[in-house]
Amino acid sequence: MKTYTQKTICPYDCPASCGFTVHTDGKKILKTEGDETHPVSRGMLCGKMRRYTEEINAKDRILLPLKRCGKKGEGSFTPISWEDAIAEITSRWKTIIQTDGASSIAYCYYSGVMSIIQRHCVQALFARMGTCELIKTLCSSAKGDGYSSVVGNTGCLDPRELKDSDLFLVWGSNAAATRFPTLSDLTQARREGKKIILIEVYAEPMAPYCDEVILIRPGSDGALALAMMHELEKNHLSDEAFLTEYGLGYEEFKKTLSACTPEWASDITGIPAHTITALALRYGTASAPSILLGSGCSRYGNGSMTVRLITILSLFTGAWKRPGGGLCGCTPSGGSYFDGKSVQRPDLRTEKPVRTININQLSMALTGTDGHMPVKSLYVAGSNPANSVSDQKSLLEGLKREDLFTIVHERFMTDTAQYADIILPATFSVEHSDCYEAYGYCTMAATRKIIEPAGEAKSNWNTVTLLAKAMGYTDSYFQHTEEEMYEKLILTPTPLSAHLTTKERMALTAGGTISMPFARHTDFQTPEKRFYIVNPRLPEPMPHYTPCYGGSEALSLISVPSIHTLNSIFQSEKRQAKKRGPMTLVMNTKDAAARDIKDGDAVLCSNDLAEVEFTAKTTDLIARGAVAAVGVYSLSQSPGGLTCNALHHPRLSDGGKATTMNDNTVNVTLKN
Ligand SMILES: Nc1nc2c(c(=O)[nH]1)N[C@H]1C(S)=C(S)[C@@H](COP(=O)(O)OP(=O)(O)OC[C@H]3O[C@@H](n4cnc5c(=O)[nH]c(N)nc54)[C@H](O)[C@@H]3O)O[C@H]1N2
Ligand SMILES: Nc1nc2c(c(=O)[nH]1)N[C@H]1C(S)=C(S)[C@@H](COP(=O)(O)OP(=O)(O)OC[C@H]3O[C@@H](n4cnc5c(=O)[nH]c(N)nc54)[C@H](O)[C@@H]3O)O[C@H]1N2
Ligand SMILES: [Mo]
């Protein structure tokens, strides 16, 4: 058997879009390993992607189209042909459009596949059909909203610039799990004697990589940022010249800071006032301090405001002027290298959508609690809402409706697929061609199909175009092949990739990664070419502390990623599942002791939405009053058939219409 290697890109939802190499015989993937030539991952490959071969070749992969033959949700299916599946789906849709209108059809895609064609082509089909529009804000839109309300489209630091930082505030980012390549930058900085300070609710995973840990109450980071700025002002450590020359509203904002004392913030954050002062002084006396911001503190009712305040803090000492100084963790490119709109094609919609559905409120659209009729059909691709979306109990009730026609395009029998009427088999990244741009680094990449799809699996592009043709759509968009789309996308420049030569673009079509220039951080991309401390375009022009939703239960629940899984991906891979262990709720040792709870006990976590059973784990490295549910679990891995998402209200953030999955309260008791 002749084998060879080929480079490709990780399709999953991490900031780096790491490169890796596959060994193949041309038919099957035999092994994966790091790609030493990749400008970001530099030969590293996470434990999950080392298991990619097992995932691709898994025995339980869905390889044929399936049709439901039992009750909804029961999980009984029988194989059908692609022809019959497409005919049934499109005839049902045509009937629904005639009887109830296109606005009773919904679609849901999110981050299962992060490449541009396969991810976004789904939107084009539903735009053409004129169905409900989906607001895709399941992850970090509040963070993006808060950041851009200060600096517009200005790019933040690419983590490769962190080598010049002289102090690091790791602010709610579990880089050990979610920013693997950045972790090595932090480790290197520490070797050079630079200090790393962690500001976290749940600090256990990152504490070993940091010099100091500051535990903070969930959703209170805005108050900390304000008190730090108060102390910077008091100690003449703010860069007044920079703030006045490049910023708008500094003088007005400065006046509001006098009330934001460390004592005031201490009451809100639970951090001692002297710790806040020491942190501010250390930050203010560093030359090029960087803040590495995760998305955790943005997933609250006040998430956008919190990020707005942290972004202003990052500018307050003029750090943005100096190499390595500033904010890392938002969009480093400040825009797009590929013309994603040419795939999404919002222009295929001829009329304004009658109905929009926020993905965080899918449960409401399925049960009709959003003031509309419950939707009649749902198409899911590249998402597993039964595991990943809030208000899980209602969502499952909605999916159970016998009058809901659900199609799930998937690789595995996920909890969402269990509720389908028709399941279509989907490809893995090595079985289709696509373009990638990292959302946490300045890189763009492309990779062609390496092997033929297993069984009868089809890519999102090939499925969407089949459906469109069967709907009778003759638009030229749906007539393109996947390879034509791939080449077209690579050859179309955007303002940020306009400098690439045709030769470079041609080279990219063969596959590879291009490192793009870092942003010019003080070239502020706002209409005024300055950043907004006060932003007159916002409903609340003056930034200030706003509380999160909170709730009446005793403990605040946050939901954090697991190092062993990637959202709901890899949970069926046996070794990863074993390493991850049972569904765990992390508690502060004292909060646990007050409830007579010990490590390993079965506990019940409840609020007005649901009761969910977990295994308790206790540590001093989580803030008092907070509990953390680690990882996304399938319903079958949960002792009570529900996961932490059943405890998440479908409320939205203040800006960005985003998830507030960290902003819920719960009571926790020992299970008898
Ligand atoms: N291994 C692994 N990697 C992943 C993922 C995964 O599931 N597993 N998910 C991928 C995806 S989709 C994304 S969006 C990114 C996730 O990226 P992020 O969402 O940035 O995830 P984390 O890096 O865990 O950062 C969240 C951290 O915020 C903390 N936190 C929560 N609330 C607060 C708060 O109020 N204040 C402060 N200071 N901290 C708080 C949590 O304890 C957690 O450690 O990672 C991606 N990479
Ligand atoms: N409790 C809890 N909830 C969370 C999070 C958390 O940390 N904890 N994280 C949140 C965040 S940050 C995010 S981004 C969301 C993610 O939520 P989702 O976007 O729903 O992501 P996944 O749960 O990983 O499901 C993705 C599915 O896409 C499938 N898939 C992969 N590639 C393809 C493909 O090419 N085509 C098709 N058709 N399918 C494919 C995978 O098999 C998988 O079942 O979850 C959010 N929900
Ligand atoms: Mo995400």
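One-based numbering, in listed order, for ligands and for the atoms of each.
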Review point. Looking only at distance, does P15 have an N or O less than 3.5 Å from an N or O of ligand 1?
Key: no
Revision key, fill the gap. Closest to atom 41 (C) of ligand 2 among protein heavy atoms sits E410 OE2, 3.5 Å
Study note, to complete from the structure: At under 4.0 Å between heavy atoms, what of H409 touches ligand 2? The answer is both
Point to revise | Pair R580-T565, side-chain donor/acceptor within less than 3.5 Å | key: yes
Review point. So which protein heavy atom does atom 39 (N) of ligand 2 come closest to, and at what separation?
Key: G382 N, 3.2 Å
Exercise for review: Answer yes when K449 and E482 have at least one side-chain N-carboxylate O distance shorter than 4.0 Å, and no when they do not.
Suggested key: no
Review point. What residue and heavy atom of the protein are closest to atom 37 (C) of ligand 1, and at what distance?
Key: D221 OD2, 3.4 Å
Practice item. Check T178 against ligand 1 and report side chain, backbone, both or neither, counting heavy atoms closer than 4.0 Å. Key: both
Check your understanding: Is the shortest N/O to N/O distance between S562 and ligand 1 below 3.5 Å?
Key -> yes
Review point. Is D663 salt-bridged to R299, going by a charged N under 4.0 Å from an acidic O?
Key: no
Review point. Atoms of ligand 2 less than 4.0 Å from T414 heavy atoms?
Key: 44 (O)
**Study point:** Interfacing atoms of ligand 2 (cut-off 4.0 Å, heavy-atom, C644)
**Key:** 1 (N)
**Study point:** Student check: side-chain heavy atoms of D221 and Y300 closer than 4.5 Å
**Key:** no
Review point. Is any N or O atom of S111, backbone or side chain, closer than 3.5 Å to an N or O atom of ligand 1?
Key: no
Study note, to complete from the structure: for atom 26 (C) of ligand 2, nearest protein heavy atom and its distance come out as G112 CA, 3.4 Å
Revision key, fill the gap. Within 4.0 Å of some non-hydrogen atom of G294, the atoms of ligand 1 are 20 (O)
Revision key, fill the gap. Per-atom filter on ligand 2: closer than 4.0 angstrom to a heavy atom of T427 are 34 (C), 35 (O)
Review point. With a 4.0 Å cut-off, would you call E204 and K617 a salt bridge?
Key: yes
Review point. What residue among V632, L642, V612 forms side chain to side chain contact (heavy atoms under 4.5 Å, CB included) with M583?
Key: V612
Study note, to complete from the structure: The protein heavy atom nearest to atom 19 (O) of ligand 1 is R299 NH1, 2.8 Å
Study note, to complete from the structure: Ranked by distance from atom 31 (C) of ligand 1, the top protein heavy atom is N662 ND2, 3.7 Å
Check your understanding: Hey, is ligand 1 close enough to I199 that some N/O pair sits below 3.5 Å?
Key -> yes
**Study point:** Top protein contact for atom 3 (N) of ligand 2, by heavy-atom distance
**Key:** N645 ND2, 3.2 Å
Study note, to complete from the structure: In ligand 2, the atoms that come under 4.0 Å of a heavy atom of A426 are 36 (N), 37 (C), 38 (N)
Point to revise | atom 5 (C) of ligand 2 [closest protein heavy-atom partner, distance rounded to 0.1 Å] | key: M661 CE, 3.6 Å
Exercise for review: Please could you name the atoms of ligand 1 that I563 approaches to less than 4.0 Å, counting only its heavy atoms?
Suggested key: 1 (N)
Study note, to complete from the structure: So for H564 against ligand 1, with non-hydrogen atoms under 4.0 Å, the contacting part is neither
Exercise for review: Closest by any non-hydrogen atom to atom 20 (O) of ligand 1: pick that one out of C14, S295, S220, A623.
Suggested key: S295
Check your understanding: Which ligand 2 atoms, with their elements, are less than 4.0 angstrom from a heavy-atom of H432?
Key -> 35 (O)
Check your understanding: Evaluating non-hydrogen atoms only, which member of G172, A175, G440 is closest to atom 25 (O) of ligand 1?
Key -> G172
Review point. A177 to ligand 1: N or O pair under 3.5 Å?
Key: yes
Review point. Hey, which atoms in ligand 2 end up nearer than 4.0 Å to a heavy atom of Y110?
Key: 14 (S), 19 (O)
Point to revise | Any N or O of R217 closer than 3.5 Å to N or O of ligand 1 | key: no
**Study point:** Nearest non-hydrogen protein atom, atom 23 (O) of ligand 2
**Key:** S568 OG, 2.6 Å
Review point. How are the rings of Y12 and F570 set relative to one another: parallel (under 30°), tilted (30 to 60°) or perpendicular (over 60°)?
Key: perpendicular
Check your understanding: Can we say E54 and R575 salt-bridge, meaning some charged N sits less than 4.0 Å from an Asp/Glu carboxylate O?
Key -> yes
Point to revise | Enumerated ligand 1 atoms positioned under 4.0 Å from heavy atoms of W171 | key: 38 (N)
Exercise for review: Using a strict 4.0 Å cut-off to heavy atoms of S173, name the atoms of ligand 1 that fall inside it.
Suggested key: 23 (O), 25 (O)
Check your understanding: Has ligand 2 got any nitrogen or oxygen that is less than 3.5 angstrom from a nitrogen or oxygen of N384?
Key -> yes
Revision key, fill the gap. In ligand 1, the atoms that come under 4.0 Å of a heavy atom of G219 are 35 (O)
Check your understanding: Considering residues, nucleotides and ligands other than Y209, do more than 12 of their heavy atoms fall under 6.0 Å from its OH?
Key -> no
**Study point:** Nearest neighbour in protein (non-hydrogen) for atom 44 (O) of ligand 1
**Key:** E200 OE2, 2.5 Å
Exercise for review: If you have a sec, work out which protein heavy atom is nearest atom 34 (C) of ligand 2 and how many Å separate them, to one decimal?
Suggested key: V113 CG1, 3.7 Å
Practice item. Could you find the nearest protein heavy atom to atom 18 (P) of ligand 2 and give me its residue, atom name and distance? Key: S388 OG, 3.7 Å
Practice item. Check if M206 has a non-hydrogen atom at a distance under 4.0 Å from any atom of ligand 1. Key: no
Revision key, fill the gap. Looking at V632, T659, I622, V201, the heavy atom closest to atom 33 (C) of ligand 1 belongs to V201
**Study point:** Full working for side chain to side chain donor-acceptor pair (under 3.5 Å) between T546 and N302
**Key:** CA-CA 6 Å; T546 50; N302 62 359; 4.6 Å; no
**Study point:** Ring-face cation contact, Y110 with R119, 6.0 Å cut, 45° max
**Key:** yes
Check your understanding: Using heavy atoms and a threshold below 4.0 Å, how should the contact between T565 and ligand 1 be classified: side chain, backbone, both, or neither?
Key -> backbone
Point to revise | Protein heavy atom at shortest distance from atom 9 (N) of ligand 1 | key: N567 OD1, 3.6 Å
Point to revise | V560 neighbourhood, listing ligand 1 atoms whose heavy-atom distance to it stays under 4.0 Å | key: 41 (C), 42 (O), 43 (C)
Check your understanding: What part of D13, side chain, backbone, both or neither, has a heavy atom within less than 4.0 angstrom of ligand 1?
Key -> both
Check your understanding: In terms of residue, atom name and distance, what is the protein heavy atom nearest to atom 32 (N) of ligand 1?
Key -> Y300 OH, 2.8 Å
Check your understanding: Atoms of ligand 1 less than 4.0 Å from L566 heavy atoms?
Key -> 2 (C), 3 (N), 4 (C), 5 (C), 6 (C), 7 (O), 8 (N), 47 (N)
Exercise for review: Considering only non-hydrogen protein atoms, determine which one is nearest to atom 14 (S) of ligand 1 and report residue, atom name and distance to 0.1 Å.
Suggested key: C139 SG, 3.0 Å
Practice item. Below 4.0 angstrom from a heavy atom of I569, which ligand 2 atoms are there? Numbered from 1 as shown, please. Key: 24 (O), 43 (C)
Check your understanding: Between I558 and ligand 1, which residue portion shows a heavy-atom distance shorter than 4.0 Å: side chain, backbone, both, or neither?
Key -> side chain
Revision key, fill the gap. The atoms of ligand 1 lying under 4.0 Å from a heavy atom of K48, numbered in the order shown, are 1 (N)
Review point. Any idea how Y109 and H120 line up, ring-wise: parallel (<30°), tilted (30 to 60°), or perpendicular (>60°)?
Key: perpendicular
Exercise for review: Would you mind telling me if ligand 2 is within reach of the side chain of S383, the backbone, both or neither, using heavy atoms under 4.0 Å?
Suggested key: both
Exercise for review: Could you tell me the residue and atom name of the protein heavy atom closest to atom 22 (P) of ligand 1, and the distance to it rounded to 0.1 Å?
Suggested key: N174 N, 3.5 Å
